Amino acid sequence: MIQSNTITKELDVFAIRKQFPALNRQVKGQPLVYFDNAATTQKPQVVIDALVDYYTNYNANVHRGIHTLAEEATAAFEASRDAAQRFINASSREEIIFTRGTTEGINLVAYSWGRKNINAGDEIIITEMEHHSNIVPWQMLCEEKGAVLKVIPQQDGELLLDEYKKLLSSKTKLVSVVHVSNALGTVNPVSAIIQLAHQAGALVMVDGAQSTVHLDIDVQAMDCDFFAFSSHKVYGPTGIGVLYGKKHLLEAMPPFQGGGEMIKEVTLEKTTFNDLPYKFEAGTPNIGDAVVLKAALDFVTRIGKEKVRNHEIELLAYATEQLVQLPGVRIIGTAATKVSVVSFVIDKIHPQDIGILLDNRGIAVRTGHHCAQPLMHCFGIPGTIRASFAMYNTKEEVDQLIVGLQKAIKMLL
Ligand SMILES: *Cc1c(COP(=O)(O)O)cnc(C)c1O
């Protein structure tokens, strides 16, 4: 199935595939074709091995013990924080807070920064393109505080920046925007969005759940105030993620949760909180997965994001070109700048029926609203079929998707 032409622009896809054991398995008697990477990526052997190594050799609680295992676990846990700092080019390690993932990162900001800084009549701006996890926390905050949620509209998958400019005012306190849309693949012009927000005196939170795996992230150059991502979409384990925040902002924010780890001294009358980043990491953290995040980030860096991006964009172009030739297929989201996500609908056919028929051929795609129901509503559809490509996908796999779709369309129409 793998042919020599899978080596694209120096990316040796054949060698990469060998590092992902899940890609060897069969589904419904066919080799797995995994095109659900925007939901979560498969894990390379180095990541799986790092998790086994942690639990086999140096499992211990961090920061509190003086014994060897505790020291080793703490060193690995903190080394992972350093790796995350480098990966997004934060200026200091105190700005890297471990979370459960993007959702928790956004909720942390809404809960801690939001409850301190948002008052009645203030405005928060999001976009029509948001994942539910960048909508609901702000709705909850606005409802509690009597603040107003405003929304930047989009057209064909691109944000309307002129409309955004009209929404900004001295009432705007925060703009929270998705860097890359999980449903459409659009890369949003976050630098321009951030600059305009700052001119209006507002802070900016960037949802980096989709961008962190595909784009080079430099939070200092971007000048965002908060940035959140999830390990599991960057070839790492689930249950761990990172919230970046500018140090002076994090320092001024009250803790998110209370408990162990986040304190300096506790008496029954009063508690002094720990320094950054520990102030926001109450309780025993997810040590094992945090440690392994470094293995995932190092893996991506070693292979090289640019090489991977070139390969993925080639797959996107190849897939898009073929999809539009199928009867009744309409691409949803045709922004000029996209990552390797293609969403589409087929006339008179429910996305879920396609998903089931493709699964019967071992092909994993996602169907439905992709946690972006308001966006689907804008397009007047209940959902789409989404194929999202990763470093290990090939043109031969895209060919199989196209054949699967041709058969499914013939069967369902
Ligand atoms: C996946 C995703 C999230 C939520 O990430 P979790 O890992 O589920 O917390 C938020 N925003 C976007 C754009 C996503 O793709």
Side-chain angles (χ1 to χ4, degrees), residues 35-43 47 84 88 97-111 126-140 151-152 154 157-159 175-190 193 204-215 217 222 224 226-244 256 280 285-286 289-290 292-293 296-297 312 332-333 335 337-343 365-376 378 383-384 386-390:
F35 283 161
D36 196 16
N37 296 287
T40 198
T41 54
Q42 294 302 331
K43 315 308 171 198
V47 163
I88 61 171
I97 315 289
F98 283 129
T99 63
R100 278 196 299 128
T102 307
T103 304
E104 191 174 73
I106 297 168
N107 276 276
L108 193 160
V109 174
Y111 189 91
I126 59 171
T127 82
E128 267 179 0
M129 225 182 270
E130 301 308 321
H131 187 282
H132 295 162
S133 66
N134 198 30
I135 302 174
V136 183
W138 307 118
Q139 282 176 338
M140 289 162 66
V151 183
I152 309 171
Q154 61 77 44
E158 294 199 24
L159 293 177
V175 177
S176 193
V177 58
V178 67
H179 195 175
V180 165
S181 160
N182 63 306
L184 310 176
T186 306
V187 180
N188 286 317
V190 284
I193 289 170
V204 181
M205 162 128 223
V206 174
D207 171 351
Q210 292 295 331
S211 60
T212 304
V213 68
H214 297 292
L215 309 178
I217 305 296
M222 201 192 292
C224 56
F226 301 104
F227 184 94
F229 72 93
S230 302
S231 147
H232 72 96
K233 291 177 178 175
V234 196
Y235 304 100
T238 52
I240 192 78
V242 165
L243 171 70
Y244 158 84
F256 175 41
F280 293 107
N286 182 354
D289 293 315
V292 178
L293 173 60
L297 299 181
E312 290 172 343
I332 302 297
T337 316
K338 284 178 61 167
V339 299
S340 51
V341 170
V342 59
S343 249
V365 294
R366 181 138 301 228
T367 61
H369 56 61
H370 317 295
C371 295
Q373 280 182 330
L375 179 62
M376 296 297 119
C378 294
T384 73
R386 181 187 72 187
S388 49
F389 309 119

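Along the sequence shown, the residues carry numbers beginning at 1. Whatever order the structure lists them in is the order used to number ligands and atoms, beginning at 1. These numbers were taken from a predicted model, which means no experiment stands behind them.
- Applying the 4.0 Å criterion to heavy atoms of Ala209 picks out, from ligand 1, the atoms 2 (C), 3 (C), 10 (C), 11 (N), 12 (C), 14 (C), 15 (O).
- Side-chain atoms of Ser231 come within 3.5 Å of backbone N or O of Pro237 as a donor-acceptor pair.
- Annotation: Asp207 places an N or O atom under 3.5 Å from an N or O atom of ligand 1; distance criterion only.
- Taking a cut-off of under 4.0 Å to the non-hydrogen atoms of Gln210, the atoms of ligand 1 that pass are 13 (C), 14 (C), 15 (O).
- Partners of Phe98 according to the ring-ring contact (aromatic ring centres under 6.0 Å, His included) rule, which considers only residues two or more places apart in sequence or in another chain, are Phe77.
- Residues Asp289 and Thr238 have side chains not in contact (no heavy-atom distance under 4.5 Å, counting atoms from C-beta outward).
- Applying the 4.0 Å criterion to heavy atoms of Ser230 picks out, from ligand 1, the atoms 5 (O), 6 (P), 7 (O), 9 (O).
- Annotation: side chain to side chain contact (heavy atoms under 4.5 Å, CB included) contacts of Ala296 (sequence neighbours excluded): Val47.
- Nearest to atom 8 (O) of ligand 1 among the protein's heavy atoms is Thr103 OG1, 3.7 Å.
- A heavy-atom separation below 4.0 Å is found between Val178 and ligand 1.
- Neither the backbone nor the side chain of Glu104 has a heavy atom within less than 4.0 Å of ligand 1.
- Put simply, the residue from Asn182, Val342, Val365, Thr367 that forms a side-chain contact (heavy atoms from CB on, under 4.5 Å) with Arg386 is Asn182.
- Set against the non-hydrogen atoms of Ser133, the atoms of ligand 1 under 4.0 Å away are 3 (C), 4 (C), 10 (C), 11 (N).
- Using modelled atom types, one side-chain atom of Asn188 and one backbone atom of Val178 make a donor-acceptor pair closer than 3.5 Å.
- Atom OG1 in Thr40 sits 7.5 Å away from atom NZ in Lys233 (nearest 0.5 Å).
- Between His132 and ligand 1 there is no heavy-atom distance shorter than 4.0 Å.
- From the protein, the heavy atom lying nearest to atom 14 (C) of ligand 1 is Lys233 NZ, 2.9 Å.
- Those atoms of ligand 1 with a heavy atom of His232 less than 4.0 angstrom away are 7 (O).
- Taking the six-membered ring for Trp and the full ring otherwise, the centers of Phe389 and Phe35 sit less than 6.0 Å from each other.
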